[in-house]
Amino acid sequence: MLSALLSVVLLAAVSQNALDSGQSALQAGDLVRAEQLFRQFLAEHPQSAEALSNLGAICARRGQFSGAADYYGKALKADPKLVQVHFNLAVALGQLKQHVAAAQHLRIFLKSYPGNARGLQLLGLCLIESGDPRGALKELDASYKADAKDPSILFALAYANARAGDENRAADILKSVESNSAQAKLIEGLIEYRRGRFAEAKVLFNEVLRINPDVAPAAAAIGRLELLDHHDAEAIRMLERALKLNPADAESTYQLGVLLDRNGRTPDGIRYLRRALTLRANYADPHYQLGRIAFNAGDHAGAVAALEEARRLLPDQEAIRFLLGRTYQAVGRAAEAKTEFAEVRRLKAAVIERDRQRVESDELMKPPLVKPLQ
């Protein structure tokens, strides 16, 4: 009897350890290990709201927001008292553009946490996207009162005022954001980056890191800029720094994988590329790079598998179709290679036609020349 009781206690301890270990793996960014452990726990405790919620968090980290919403919904069904899960579900629904449903869950969350600045802010953003900017202003004003130090709330407020027709108020709010140096400089840097003003962006990102060395997006952005300048060693260093700060950054993981392969560290590069696939759903780029590496190594079967998956995700990408055609050629699948090369030609022709139509449209928009009076 004592032996049987001891076995039950030991099994319970092992089961609980799976849940605890899964949470540790999740915090460390090891999503594959975390998922394995949570599923192991769930097999023994199918109504565990905690395990279901954590699986939802893994899906959200990977960009699989439909799956995340499904798991969060199951967690709430298993334990409706887990009010915090309503917040996570709202975030997932927001990503799915289901803003009305997201707002409903945020209102439930805010009944228990009425002063939560983040919840108020997200509710305001959902109301903006739902076409109710004036309703959004009420929630965003409350969010700002709850946490006046968060500049992201100010940007949301500025946006809501502009949508509501008060552009002067929006401009005044944006001026006040400029005093918050680190966050403001990060946003300014991102704007400069998107405008192609890379030198100016780099100055701003470096200033962010001087103020706060732990801002992962700034480190990642500098890594990308170094990559553009072909400063590979510095790019690798900065991307590794960014991933140490945020292990779940799929894009930086992918870019680091490409860089490591380019610099003779192919096994490490492959490891990062595969990890990128676990962090983001439907991510074609790592599949393409893994296919390229396999092709160059003479692993044509591996190349076909990776490139066909990349093609499924991005069927209109010339580089993917061209390399897949070359791989089909290498394995003697001539008809399929011919199909891929024909598709590459079609895609190129479509780009040329679009450019031609754009030029003609621009010409039509020009005012006619008026001859001067004689």
**Asked** Above 12 or not: heavy atoms from other molecules or residues under 6.0 Å from CZ of Arg333?
**Response** yes
**Fill in**
Between Leu19 and Phe38 the two heavy atoms that sit nearest each other are O-CE2, 3.7 Å
**Request:** For this output row, return yes or no: ring centroids of Tyr272 and Tyr254 closer than 6.0 angstrom.
**Result:** no
**Message:** Can you tell me how far apart CG (Asp141) and NZ (Lys145) are? Round to the nearest 0.5 Å.
**Reply:** 6.0 Å
**Message:** Rounded at 0.5 Å granularity, tell me how far CD in Glu226 sits from CZ in Phe198.
**Reply:** 12.5 Å
**Asked** Closest heavy-atom contact between Leu120 and Gly115?
**Response** CD1-C, 4.4 Å
**Prompt:** Sub-3.5 Å donor-acceptor pair from the side chain of Ser143 to the main-chain atoms of Glu139, do we have one?
**Reply:** no
**Request:** Could you tell me whether Gln84 atom CD has more than 12 heavy atoms of other residues or ligands within 6.0 Å of it?
**Result:** yes
Show the atom names and distances, to 0.1 Å, of all donor-acceptor pairs under 3.5 Å that link a side chain in residues 255-270 to residues at least two apart or in another chain.
{"from": "Gln255", "atom 1": "OE1", "to": "Arg224", "atom 2": "NE", "distance (Å)": "2.9"}
{"from": "Asp261", "atom 1": "OD1", "to": "Thr266", "atom 2": "OG1", "distance (Å)": "2.8"}
{"from": "Asp261", "atom 1": "OD2", "to": "Arg292", "atom 2": "NH1", "distance (Å)": "3.4"}
{"from": "Asp261", "atom 1": "OD2", "to": "Arg292", "atom 2": "NH2", "distance (Å)": "2.8"}
{"from": "Arg262", "atom 1": "NE", "to": "Asp232", "atom 2": "OD2", "distance (Å)": "3.0"}
{"from": "Arg262", "atom 1": "NH2", "to": "Asp232", "atom 2": "OD1", "distance (Å)": "2.5"}
{"from": "Arg262", "atom 1": "NH2", "to": "Asp232", "atom 2": "OD2", "distance (Å)": "3.1"}
{"from": "Asn263", "atom 1": "ND2", "to": "Asp232", "atom 2": "OD2", "distance (Å)": "3.0"}
{"from": "Asn263", "atom 1": "ND2", "to": "Leu259", "atom 2": "O", "distance (Å)": "2.8"}
{"from": "Arg265", "atom 1": "NE", "to": "Asp268", "atom 2": "OD2", "distance (Å)": "3.4"}
{"from": "Arg265", "atom 1": "NH2", "to": "Asp268", "atom 2": "OD2", "distance (Å)": "3.4"}

**Request:** Identify whether NZ of Lys or CZ of Arg in Lys74 sits under 6.0 Å from the centre of the six-membered ring of Tyr71 and within 45° of that ring's axis.
**Result:** yes
**Prompt:** If you take all heavy atoms of Gln317 and Ala319, which pair is closest and at what distance?
**Reply:** OE1-N, 2.8 Å
**Request:** Walk me through it: do Arg61 and Leu279 pass the test side-chain contact (heavy atoms from CB on, under 4.5 Å)?
**Result:** CA-CA 6 Å; Arg61 290 268 192 99; Leu279 294 172; 5.8 Å; no
**Asked** How far apart are the closest heavy atoms of Thr253 and Pro247, and which atoms are they?
**Response** OG1-O, 4.3 Å
**Request:** Find out if a path of hydrophobic residues (ILVMFWY) with successive side-chain heavy-atom gaps under 4.5 Å connects Leu42 to Ile58.
**Result:** yes
**Prompt:** Which distance, rounded to the nearest 0.5 Å, do you find between the CG of Leu157 and the CG of Leu137?
**Reply:** 7.0 Å
**Complete:** Shortest non-hydrogen pair, Gly22 vs Leu37, comes out as N-CD1, 3.5 Å
**Asked** Hey, is OH on Tyr144 packed in by over 12 heavy atoms from elsewhere, all under 6.0 Å?
**Response** no
**Request:** In sequence, state the C-alpha distance, the side-chain angles, and the governing distance for Leu228 and Lys202, and then conclude on side-chain contact (heavy atoms from CB on, under 4.5 Å).
**Result:** CA-CA 12 Å; Leu228 286 174; Lys202 190 174 182 180; over 6 Å; no
**Asked** Can you find a heavy atom in the side chain of His287 that is under 4.5 Å from one in the side chain of Tyr283?
**Response** no
**Prompt:** Which value, rounded to the nearest 0.5 Å, describes the distance between Arg237 atom CZ and His231 atom NE2?
**Reply:** 13.0 Å
**Asked** So, Arg241 side chain and Pro213 main chain: donor-acceptor pair closer than 3.5 Å or not?
**Response** yes
**Asked** Do the side chains of Phe65 and Leu31 join up, straight or via other hydrophobic residues, at under 4.5 Å, putting them in one cluster?
**Response** no
**Message:** Run the salt bridge (Lys or Arg N to Asp or Glu O under 4.0 Å) test on Glu343 and Arg311 for me, step by step, so that the C-alpha distance in whole Å, both residues' side-chain angles and the decisive distance to 0.1 Å come before the verdict.
**Reply:** CA-CA 12 Å; Glu343 183 63 15; Arg311 178 186 62 184; over 6 Å; no
**Item:** Qualifying residues under ring pair (Phe, Tyr, Trp, His ring centres under 6.0 Å), relative to His99, sequence neighbours excluded
**Value:** none
**Prompt:** Shared ILVMFWY cluster between Val83 and Leu106, side chains joined below 4.5 angstrom?
**Reply:** yes
**Prompt:** Taking C-beta and beyond as the side chain, do Leu225 and Tyr193 meet within less than 4.5 Å on heavy atoms?
**Reply:** yes
**Request:** Give the minimum heavy-atom separation between Gln64 and Ala281, together with the two atoms involved.
**Result:** CG-CB, 3.1 Å
**Prompt:** Any side-chain heavy atom of Lys338 within less than 4.5 Å of one from Tyr328?
**Reply:** no
**Message:** Any non-hydrogen side-chain atom of Ile108 less than 4.5 Å from a side-chain atom of Gln104?
**Reply:** no
**Request:** Decide side-chain contact (heavy atoms from CB on, under 4.5 Å) for Glu318 and Val351; before the verdict, give the C-alpha distance in whole Å, the side-chain angles of both, and the deciding distance to 0.1 Å.
**Result:** CA-CA 11 Å; Glu318 292 177 30; Val351 170; 4.1 Å; yes
**Message:** Are the side chains of Asp285 and Glu251 in contact, using a 4.5 Å heavy-atom criterion?
**Reply:** no
**Prompt:** When you look at Arg275 and Thr278, which way does the side-chain contact (heavy atoms from CB on, under 4.5 Å) test go after all the steps?
**Reply:** CA-CA 5 Å; Arg275 176 170 167 75; Thr278 73; 4.2 Å; yes
**Asked** Are the ring centres of His105 and Phe87 closer than 6.0 Å?
**Response** no
**Message:** Would a single hydrophobic cluster contain both Phe109 and Tyr72, if residues Ile, Leu, Val, Met, Phe, Trp and Tyr are joined by side-chain heavy-atom contacts under 4.5 Å?
**Reply:** no
**Item:** Sub-4.5 Å side-chain heavy-atom contact between Arg62 and Asn282
**Value:** no
**Prompt:** Any link between Leu243 and Met238 through a network of hydrophobic side chains (Ile, Leu, Val, Met, Phe, Trp, Tyr) touching at under 4.5 Å?
**Reply:** no
**Prompt:** Hey, is the main chain of Glu50 close enough, under 3.5 Å, to the side chain of Ser53 for a donor-acceptor pair?
**Reply:** no
**Complete:** CZ (Arg321) and OG1 (Thr339) are apart, to the nearest 0.5 Å, by 9.0 Å
**Request:** State, with a plain yes or no, whether a side-chain heavy atom of Glu340 is found less than 4.5 Å away from one of Phe322.
**Result:** no
**Glu309 CD to Ile320 CD1 distance, which is reported to the nearest 0.5 Å** = 10.0 Å
